[in-house]
*Asks:* 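The following block contains the structure, expressed as structure tokens.
Quantities reported herein were computed from a predicted structural model and do not represent experimental measurements. Residues take their numbers from the sequence shown, with the count starting at 1.
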Amino acid sequence: MLQINKKNDINSALFILLRLDESIGIAKSARLAVFARYCVGNIIKEELIAITSLLTTTKGADICTEFKELSETFRFIMYPDVISFDKLNLSQFDWLEIEELEMQLIDFQSSSIWIQKFIETRKKLELIEAERLTSNISKNTSNEILETWNSIPDAFNCLKKLAYAILTIFSSTYACESLFSEINNIKDSLRNRLTDDSNLACILLKVTSYNPDYKLFVI
């Protein structure tokens, strides 16, 4: 059921970004983990898709492509009200209707309603960051940004598509690194004969954000 719910959400997601990472296990064999990042409503999910053993170790160049500098474009999700179209590097987003996006950005930046919307969002994020520093309470700020973009009307659909695409980009390797720590706890020196399928089933229950429907197991 967990896998079915996850599959349905992934199939309905507008954008999906995959992240691949490799590590060496207890048995000194290489393993590859595949994570997906996607939006479900106002929530951004990072979910494990697969773990598989590799015949050899890998280098970063084998599983990654060079990531072009897009710092100014990344700021778009937070500052669409002030960012200049000329500053956007859209070389990786050529599937967008560029001319339409430019016109929508002009209309967007001429609306005091939507300008104020993002001013308020940035203030809210500042308060969340201050709370994190003083109270050590962590909140997912990406979800706050996603919720703001979901509230924008579809008349700005090109802007929203760009925002969703940027929001699905992994911001760090934290998910993969924490996963391999959990794998080492499950597939240790005493359980090193676990198959990839059994290992995946165990680790999915540990790291997934989906909740199993236990009623289905009651006869």
Side-chain angles (χ1 to χ4, degrees), residues 1-19 34-49 65 67-129 131 138-172 175 208-211:
M1 180 58 68
L2 287 177
Q3 292 292 69
I4 293 175
N5 291 341
K6 184 191 302 181
K7 183 178 180 180
N8 290 339
D9 284 345
I10 290 176
N11 286 338
S12 62
L14 185 60
F15 296 102
I16 304 165
L17 191 77
L18 298 180
R19 185 178 187 93
V34 182
F35 268 85
R37 182 176 166 98
Y38 52 97
C39 301
V40 180
N42 290 331
I43 304 296
I44 297 176
K45 287 186 173 289
E46 292 184 4
E47 288 291 328
L48 176 64
I49 301 300
T65 56
F67 198 74
K68 196 170 183 179
E69 180 60 41
L70 294 168
S71 58
E72 193 67 21
T73 306
F74 289 157
R75 294 181 68 249
F76 169 79
I77 60 172
M78 284 283 292
Y79 298 92
D81 50 319
V82 294
I83 196 168
S84 170
F85 178 81
D86 296 334
K87 296 291 185 180
L88 294 177
N89 181 348
L90 300 175
S91 59
Q92 305 297 320
F93 305 95
D94 54 3
W95 42 266
L96 284 169
E97 299 176 28
I98 304 301
E99 292 184 0
E100 179 64 20
L101 186 144
E102 182 177 9
M103 294 302 298
Q104 288 184 15
L105 185 60
I106 293 173
D107 291 341
F108 185 90
Q109 293 179 345
S110 64
S111 171
S112 58
I113 296 176
W114 308 124
I115 290 175
Q116 186 61 32
K117 187 80 172 178
F118 277 89
I119 291 175
E120 293 173 356
T121 298
R122 290 194 290 269
K123 289 180 179 179
K124 187 175 182 180
L125 294 178
E126 289 176 1
L127 291 175
I128 291 175
E129 178 62 13
E131 184 179 19
S138 180
K139 292 184 180 179
N140 191 331
T141 54
S142 294
N143 289 340
E144 297 289 343
I145 301 172
L146 175 60
E147 184 175 353
T148 299
W149 275 105
N150 281 339
S151 69
I152 302 300
D154 289 338
F156 301 106
N157 63 316
C158 288
L159 301 183
K160 294 177 70 171
K161 286 180 180 179
L162 177 58
Y164 294 152
I166 295 173
L167 282 167
T168 55
I169 295 174
F170 285 88
S171 58
S172 72
T208 186
S209 62
Y210 289 86
N211 296 317

*Asks:* Excluding sequence neighbours, so at least two apart, what forms side-chain contact (heavy atoms from CB on, under 4.5 Å) with Ile119?
*Replies:* Asp81, Ile115, Gln116, Arg122, Lys123
*Asks:* Can you list everything that forms a side-chain contact (heavy atoms from CB on, under 4.5 Å) with Ser112? Sequence neighbours excluded, please.
*Replies:*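 Listed in chain order: nothing, the list is empty.
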*Asks:* Any side-chain to backbone donor/acceptor pair from Asn143 onto Ile44? Under 3.5 Å, distance only.
*Replies:*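 Checking the backbone N and O of Ile44 against the side chain of Asn143, a donor-acceptor pair under 3.5 Å is found.
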*Asks:* If you look at every heavy atom in Thr168 and Ala165, which pair is closest and at what distance?
*Replies:*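 Of all heavy-atom pairs spanning Thr168 and Ala165, the closest is OG1-O, 2.7 Å.
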*Asks:* Could you note down all residue pairs passing salt bridge (charged side-chain N to carboxylate O under 4.0 Å, His left out) where residues 97-108 supplies at least one of them, sequence neighbours left out?
*Replies:*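 Residue pairs with at least one partner in residues 97-108: there are none.
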*Asks:* Is the closest side-chain heavy-atom distance between Arg37 and Ser142 below 4.5 Å?
*Replies:* yes
*Asks:* Nearest 0.5 angstrom please: Leu162 CG to Leu90 CG, how far?
*Replies:*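 So the CG of Leu162 and the CG of Leu90 are separated by 6.5 Å.
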*Asks:* Kindly state each residue pair satisfying side-chain hydrogen bond (donor to acceptor under 3.5 Å, both in side chains) with at least one member in residues 154-167, sequence neighbours excluded.
*Replies:* Gln104-Asn157, Asn150-Tyr164, Asp154-Lys160
*Asks:* Once you round to the nearest 0.5 Å, how far does CG of Leu167 lie from CG of Leu146?
*Replies:* 6.0 Å
*Asks:* Are more than 12 heavy atoms, taken from residues, nucleotides or ligands other than Ile113, located less than 6.0 Å from that residue's CD1 atom?
*Replies:*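 Open: at most 12 neighbouring heavy atoms sit under 6.0 Å from CD1 of Ile113.
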*Asks:* Minimum heavy-atom separation for Cys39 to Ala13, with atom names?
*Replies:*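 Nearest heavy atoms, Cys39 then Ala13: O-CB, 4.2 Å.
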*Asks:* So, using side-chain contact (heavy atoms from CB on, under 4.5 Å) as the criterion, who are the partners of Glu144 when residues are at least two apart?
*Replies:* Lys124, Leu125, Ile128, Glu147
*Asks:* I'd like to check the ring-ring contact (aromatic ring centres under 6.0 Å, His included) partners of Phe118; sequence neighbours left out, ordered by chain and number.
*Replies:*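 So Phe118 forms a ring-ring contact (aromatic ring centres under 6.0 Å, His included) with Phe108, Trp149.
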*Asks:* Applying side chain to side chain donor-acceptor pair (under 3.5 Å), can you list everything that pairs with Thr121, at least two apart in sequence or on another chain?
*Replies:*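 Here the qualifying residues are Thr148.
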*Asks:* Looking at Ile166 and Thr73, what are the two nearest heavy atoms and their distance?
*Replies:* CD1-O, 3.3 Å
*Asks:* Using side-chain heavy atoms (C-beta onward) and a distance below 4.5 Å, is Asn89 in contact with Phe76?
*Replies:* no
*Asks:* Do Ile152 and Leu159 touch side chain to side chain, with heavy atoms closer than 4.5 Å?
*Replies:*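 Counting from C-beta outward, Ile152 and Leu159 never come under 4.5 Å.
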*Asks:* Closest approach of Asp9 and Ser12, non-hydrogen atoms and distance?
*Replies:*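 Nearest heavy atoms, Asp9 then Ser12: O-OG, 3.0 Å.
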*Asks:* Answer yes or no: is there a donor N or O on one side and an acceptor on the other, between the side chain of Gln109 and the main chain of Ser84, under 3.5 Å?
*Replies:*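 Such a contact is absent between Gln109 side chain and Ser84 backbone.
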*Asks:* Contact between Trp114 and Pro153 at the side-chain level, heavy atoms closer than 4.5 Å - yes or no?
*Replies:*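 Trp114 reaches Pro153 side chain to side chain.
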*Asks:* Evaluate the criterion side chain to side chain contact (heavy atoms under 4.5 Å, CB included) for residue pair Phe85 and Ile106; output intermediate values, then yes/no.
*Replies:* CA-CA 9 Å; Phe85 178 81; Ile106 293 173; over 6 Å; no
